[in-house]
Amino acid sequence: MKNQLLVNRREFLYMTGALSAALSTSSAHLVAQDTPSVRRPLDASSLAQFVDPLPMPEVLQPDEFRPSPVDSATKIAFYRVAMREAEAKLHRDLKPARIWGFNATLPGPTIEARSGQGVLVEWVNQLPPSHFLPIDHTLAGAEPDQPRVRAVVHLHGGRVPPESDGFPEHWFVPGKSSVCFYPNHQDATTLWYHDHAMGINRLNAYAGLFGLYLIRDSVENDLGLPTGKYEVPLILFDRQLDRDGQLLYPVSADPKHPWVPEVFADALLVNGKIAPYCEVEPRPYRLRILNAANGRFFHLAFANQMPFQQIGSDQGLLAAPVTMKRLTLAPGERADVIVDFSANAGDRLVLTSDHLQAIQFRVTQKSSVPVVAMPQSLRPVARMPEADSVKTRELLLEETVDAADNPTIMLLDRKRWMDPVSEDPALGSTEIWSIVNGTDDSHPIHLHMVRFQVLDRRNFFVMNYLRKRELKFTGPPVPPDPNEMGWKDTVRAEPGMVTRIIVRFDGYLGRYVWHCHILEHGDNEMMRPFEVIPAR
Ligand code: C2O
Ligand code: CU
Ligand code: CU
């Protein structure tokens with residue numbers, strides 16, 4: 001092989017027939033990281049289940065009110081949130097784990113905003129001077145001359161001016177802070193904030209730097225959805241722990257290049273506890289579910305196969321509830337779900353994700369307040385006509401491998417982060433992005449600042465495309481799933497398929513990013529800038 005870097009992973013596997021072997025060797029090496037001794041992984045299935053009550057993240061209260069940056073006559077909420085190292089008890093039977101959390105909690109506090117009412121947040125970096133997870137200094141932005149500890153906060157799904165969007169290079173070091181303005185000019189939905197620092201984002205997020213951000217509005221209020229204690233956030237993420245109960249981030253066999261292409265761990269945490277339980281009344285509940293994992297896709301289903309209804313996706317309410325028994329949630333995606341426990345008084349119901357048990361609901365005998373019927377229509381979603389698009393961009397997702405078939409980098413459109421901006425939509429214009437997935441994995445593709453709709457997915461002849469850049473479809477277009485028919489900001493680009501999204505670049509001029517939300521991929525070149533330019 002002459003130029004290993006340019007060999008596409010799929011092509012390599014195709015040539016060597018190593019596909020099935022590669023699929024079964026995803027487990028990474030768990031060896032020493034910041035200590036010379038080997039830290040042995042804990043088998044999370046040995047932990048007692050459903051012994052910790054589900055924690056509720058604190059809802060932040062404003063520290064003060066300050067003049068709005070866009071209208072100094074209006075005072076808006078101002079919050080100060082510090083990123084700090086702390087200890088968190090992840091399970092009754094484990095010693096507290098070292099984590100990095102917003103306000104020292106895992107997950108961070110929830111911020112609640114009203115649509116149209118801006119807020120200011122001062123994100124303060126009070127992290128310690130050294131990182132406790134294994135930095136790979138060969139990755140762009142994490143070179144040895146860069147500070148080890150850096151952070152910058154992004155509001156995922158927020159339509160935010162570029163200077164407040166948490167551009168990966170706008171990180172700041174311990175002792176510094178950054179004030180961000182979130183206008184909240186968008187529909188009620190479930191957003192989240194998380195670190196986005198160049199080259200170490202996966203480590204900062206794994207350490208615990210994320211939290212929920214809810215936007216509410218009158219349309220949502222008027223629906224009579226469950227509120228207060230009947231509205232429950234479920235923030236899901238997996239972690240590998242060592243036998244001391246400490247976070248273990250896997251590393252490769254190469255100490256100079258410890259990056260691993262994916263992390264799938266066996267401890268599943270909900271709101272910061274492993275397999276917690278939650279007492280509920282026999283009535284409908286609203287669950288605000290977030291996949292905050294680095295790389296794991298969740299496939300959520302009740303063990304008894306009972307149905308539930310999805311009422312909202314990443315960017316807000318669906319037109320009508322979608323009844324389902326299994327919910328797929330890729331990293332970065334959110335789902336707004338109604339679960340009706342009315343017929344389950346006295347039952348214990350387990351929500352699972354594949355072979356993992358996420359949480360047990362313990363249904364009490366009686367509901368304390370009368371239950372109203374759930375709405376059958378929610379918020380109209382006008383489908384965007386393809387004819388509105390002024391430009392179609394064909395964007396390839398690609399993985400490269402070395403001679404030993406280890407993934408080396410992940411690329412968007414065969415470009416690296418440092419290459420000049422190539423996606424430059426005009427403000428207010430509509431485009432179709434055809435995401436051509438030439439890899440063997442599903443990649444959750446996320447665009448900052450905008451919301452979009454999924455048009456379709458379609459199988460294509462991958463080899464032909466990689467060699468000649470010619471798109472030959474091998475099947476008919478597949479419409480999005482019913483729960484993907486609303487507004488999204490993160491979409492699964494399935495392997496061997498072209499996933500088409502339609503996007504209107506409403507909002508602000510300036511530089512943003514689009515990337516794969518598998519954080520190991522985003523940290524290793526599967527992230528590109530895009531720039532919203534003035535309309536001609
Ligand atoms: Cu959830 Cu660019 O991020
Ligand atoms: Cu985002
Ligand atoms: Cu990816």
Side-chain angles (χ1 to χ4, degrees), residues 9-10 26 107-108 141 151-162 164-171 180 182 186 189-202 204-206 209-213 235 237 259-264 290-297 314-315 329-334 395-400 407-413 417 435-452 487-495 497 499 503 507 511-530:
R9 176 163 162 83
R10 177 147 189 147
S26 57
V152 59
V153 184
H154 166 61
L155 177 60
H156 180 129
R159 185 186 287 162
V160 170
S164 291
D165 193 55
F167 195 71
E169 292 170 354
H170 292 170
W171 45 262
C180 291
Y182 303 124
Q186 57 192 104
T189 192
T190 316
L191 305 183
W192 63 304
Y193 59 89
H194 59 78
D195 172 74
H196 219 302
M198 196 67 205
I200 53 169
N201 176 218
R202 70 197 184 291
N204 288 354
Y206 198 84
L209 291 174
F210 52 84
L212 266 195
Y213 185 110
I235 302 167
F237 50 101
W259 175 84
V260 293
E262 269 110 20
V263 178
F264 304 113
L290 159 67
N291 183 344
N294 278 34
R296 182 182 283 281
F297 288 57
D314 304 333
Q315 286 284 318
L329 218 52
E333 285 188 307
R334 289 86 68 207
L395 299 159
L396 175 65
L397 312 185
E398 195 174 27
E399 287 178 15
T400 59
T408 49
I409 54 172
M410 318 272 176
L411 294 177
L412 296 173
D413 202 29
W417 170 257
I435 304 159
V436 181
N437 187 346
T439 77
D440 297 312
D441 298 311
S442 180
H443 299 268
I445 298 297
H446 169 51
L447 277 67
H448 285 206
M449 208 274 281
V450 292
R451 60 179 191 175
F452 56 74
W487 294 103
K488 299 276 297 160
D489 58 43
T490 306
V491 64
R492 279 178 287 114
E494 300 291 18
M497 294 188 107
T499 301
V503 197
R511 198 163 282 200
Y512 293 92
V513 295
W514 68 285
H515 60 92
C516 176
H517 222 288
I518 294 176
L519 300 181
E520 285 65 31
H521 298 184
D523 267 355
N524 196 358
E525 299 294 346
M526 211 170 221
M527 179 165 73
R528 289 278 297 149
F530 76 85

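In this chain, residues are counted from 1 in sequence order. In listed order, ligands and their atoms are each counted from 1.
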Nearest N/O/S atom of His446 with respect to the Cu ion (ligand 2), by atom name, please.
NE2

Tell me whether His196 has at least one N, O or S atom under 2.8 Å from atom 1 (Cu) of ligand 1.
no

Determine whether the side chains of Glu262 and His521 contain a donor N or O and an acceptor N or O closer than 3.5 Å.
yes

Which of the N/O/S atoms in His521 sits closest to the Cu ion (ligand 3)?
ND1

Residue His154 atom name (nearest to the Cu ion (ligand 2); N/O/S)
NE2

Using 2.8 Å as the threshold, say whether any N, O or S atom from His194 sits that close to atom 1 (Cu) of ligand 1.
yes

Heteroatom N/O/S of His446 within less than 2.8 Å of atom 1 (Cu) of ligand 1:
no

Could you verify whether a donor N or O on one side chain and an acceptor N or O on the other, from Asn294 and Glu520, lie under 3.5 Å apart?
yes

Out of the N/O/S atoms in His517, what is the name of the one closest to atom 1 (Cu) of ligand 1?
NE2

Tell me whether the rings of Phe237 and Phe210 are parallel (<30°), tilted (30 to 60°) or perpendicular (>60°).
perpendicular

Just by distance, with hydrogens left out, do Asp489 and Gln315 show a side-chain donor and acceptor under 3.5 Å apart?
yes

Of all N, O or S atoms in His443, which has the smallest distance to the Cu ion (ligand 3)?
ND1

With ring centroids as reference points, do Trp192 and His517 lie under 6.0 angstrom apart?
yes

Closest His156 atom to atom 1 (Cu) of ligand 1 [N, O or S only]
ND1

N/O/S atom of Cys516 under 2.8 Å from the Cu ion (ligand 3), yes or no?
yes

For His448, run the side chain to side chain donor-acceptor pair (under 3.5 Å) check against Arg159, Arg511, His196 and tell me which one passes.
His196

Measure the CE-CD1 distance between Met497 and Ile435 for me, rounded to the nearest 0.5 Å.
13.0 Å

